[in-house]
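Heads up, the thing below is written out as structure tokens.
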Amino acid sequence: LYIQNSGGNIDLQAEDHIYLKNYDGQTYARFIEDGASELYHDDSKKLETTSGGINVTGAINVNGAPLSAGLFSSYAVLMDVKSHGTQGQNLSTDDWYHRDLTTEYFDPDGIVSLSNHDFTLGAGTYFVRWNSLFHRTKSVKTRLKNQTDGSSIKSSMNAYPQGTSNTSWTAANSHGMARFTLSGSKTLRLEYFADTDYSNVGGGYLGPTDSDNTEEEIYTQIEIWKEA
């Protein structure tokens, strides 16, 4: 079939749908009444319109180069959240111990699961950043540990909230970041190493106790980005 019109438009009309195929039945395009328009390559659908935009199967190249949507494909946040008026965890000293993690605050793509203060990530490459509050511990440090393999991934910057003087009520945040690749599903843990836990408030001092403040207490935050 050969169609040519050098002087106007060519309209294809049908009661329902329009399908373009070759003589062997291989689909080139499909146009669905009140629905999608679909384009095919070698009988495999590659582009489909939807009510919200388009769906594309496979890579998108611009001038031969892949179109990038950014380095990261997923994002999640874990926290240690306690009820209003609750101090941070009581610390042990002079060795590595787990830091409390109680809440999966944000994880729309389901890249992380949290259980008993540990969190599990699947295979992939990640960038993780954490921030953990300490009070009157003297020297303190945190690290991200691969609990499954028993190996340390990365340690934090050093922090030193004064811990022994009754006139020096100080707090400090332990900040750290790490980029790493996991070959399979692994359980990770945020750990701390503290010199002392003065008055059992080393894991963080609660916020204002005024009756106008009823907000929750947050002592640790972990941000997780998964690379595309």
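Contact annotation: the side chain of P161 approaches that of V140 to within less than 4.5 Å [non-hydrogen atoms, C-beta and beyond]. In this structure, the side chains of E104 and V112 come closer than 4.5 Å at one or more pairs of heavy atoms. In this structure, W130 and L78 have side chains that are not in contact, with every pair of non-hydrogen atoms separated by 4.5 Å or more. Two residues are said to be in side-chain contact when any heavy atoms from C-beta on lie closer than 4.5 Å; L206 and Y219 meet this criterion. Contact annotation: the side chain of D94 approaches that of D195 to within less than 4.5 Å [non-hydrogen atoms, C-beta and beyond].
Both M79 and F127 sit in one connected hydrophobic cluster of ILVMFWY residues. Membership requires side-chain heavy atoms under 4.5 Å apart, directly or through other members. In this structure, W225 is a member of the same hydrophobic cluster as L71, with clusters built from ILVMFWY side-chain heavy atoms closer than 4.5 Å.
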**OP:** Carefully, step by step, assess L91 and F134 under the rule side-chain contact (heavy atoms from CB on, under 4.5 Å).
**Re:** CA-CA 10 Å; L91 303 185; F134 294 90; 3.8 Å; yes

Subject >> Chi angles and distances behind the side-chain contact (heavy atoms from CB on, under 4.5 Å) call for K46, L39 >> reply: CA-CA 6 Å; K46 297 300 181 181; L39 296 180; 5.9 Å; no

**OP:** Evaluate side-chain contact (heavy atoms from CB on, under 4.5 Å) for Q87 paired with Y205, printing each intermediate quantity in order.
**Re:** CA-CA 5 Å; Q87 304 278 18; Y205 201 80; 3.7 Å; yes

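Every residue two or more places apart in sequence or in another chain that forms a salt bridge (Lys or Arg N to Asp or Glu O under 4.0 Å) with E223 is listed here: R129. Every residue two or more places apart in sequence or in another chain was checked for a ring-ring contact (aromatic ring centres under 6.0 Å, His included) with H41, and none qualifies. With sequence neighbours excluded, no residue forms a ring-ring contact (aromatic ring centres under 6.0 Å, His included) with Y40.
The nearest pair of heavy atoms linking L144 to L190 is N-CD1, 4.5 Å. Closest heavy-atom contact between F31 and L20: CE1-CD1, 4.2 Å. Contact record, I111 with S74: CG2-CB, 3.6 Å, taken as the closest heavy-atom pair. Contact detail for A159 and A172: the closest heavy-atom pair is CB-CB, 4.0 Å. Scanning both residues, T102 and V81, for their nearest heavy atoms gives OG1-N, 2.8 Å. Heavy-atom minimum distance, D118 versus T187: CB-CG2, 3.6 Å.
For K186, the NZ atom is densely surrounded, since the number of other residues' heavy atoms within 6.0 Å is greater than 12. Heavy-atom contacts from other residues, nucleotides or ligands closer than 6.0 Å to CD of E215 number 12 or fewer.
Taking 4.0 Å as the cut-off between side-chain N and carboxylate O, D100 and K82 count as a salt-bridged pair.
Distance check, rounded to the nearest 0.5 Å: OG1 of T57 to CD of E48 gives 8.0 Å. The distance from atom CG of D80 to atom CG of L133, rounded to the nearest 0.5 Å, is 10.0 Å. Atoms OG1 and CD, from T103 and Q221 in turn, are 11.0 Å apart once rounded to the nearest 0.5 Å. Atoms NE2 and CG, on H135 and D197 in that order, are 9.5 Å from each other to the nearest 0.5 Å. From R143, atom CZ reaches atom CD of E191 across 4.5 Å, with rounding to the nearest 0.5 Å. Rounding to the nearest 0.5 Å gives a distance of 5.0 Å between CD of Q89 and OH of Y192.
Distance alone, capped at 3.5 Å, is enough to place a donor-acceptor pair between the T49 side chain and the S37 backbone. Listed for the H84 side chain is no donor-acceptor partner under 3.5 Å among the backbone atoms of E217.
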Show me, pair by pair, the donor-acceptor contacts under 3.5 angstrom made by side chains of residues 174-185, not counting sequence neighbours?
| from | atom 1 | to | atom 2 | distance (Å) |
| --- | --- | --- | --- | --- |
| S174 | OG | T142 | OG1 | 2.6 |
| S174 | OG | S156 | OG | 2.9 |
| H175 | ND1 | N131 | OD1 | 3.4 |
| R179 | NE | E227 | OE2 | 2.6 |
| R179 | NH2 | E227 | OE1 | 3.1 |
| R179 | NH2 | E227 | OE2 | 3.2 |
| T181 | OG1 | T125 | OG1 | 2.8 |

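With no hydrogens or angles considered, a side-chain donor-acceptor pair links R99 and S132 at under 3.5 Å.
Note on residues 104-125: pairs passing ring-ring contact (aromatic ring centres under 6.0 Å, His included), not counting sequence neighbours, are Y75-F106, H98-H117. For residues 10-27, every residue pair satisfying the side-chain hydrogen bond (donor to acceptor under 3.5 Å, both in side chains) rule, not counting sequence neighbours, is listed here: Q26-D42.
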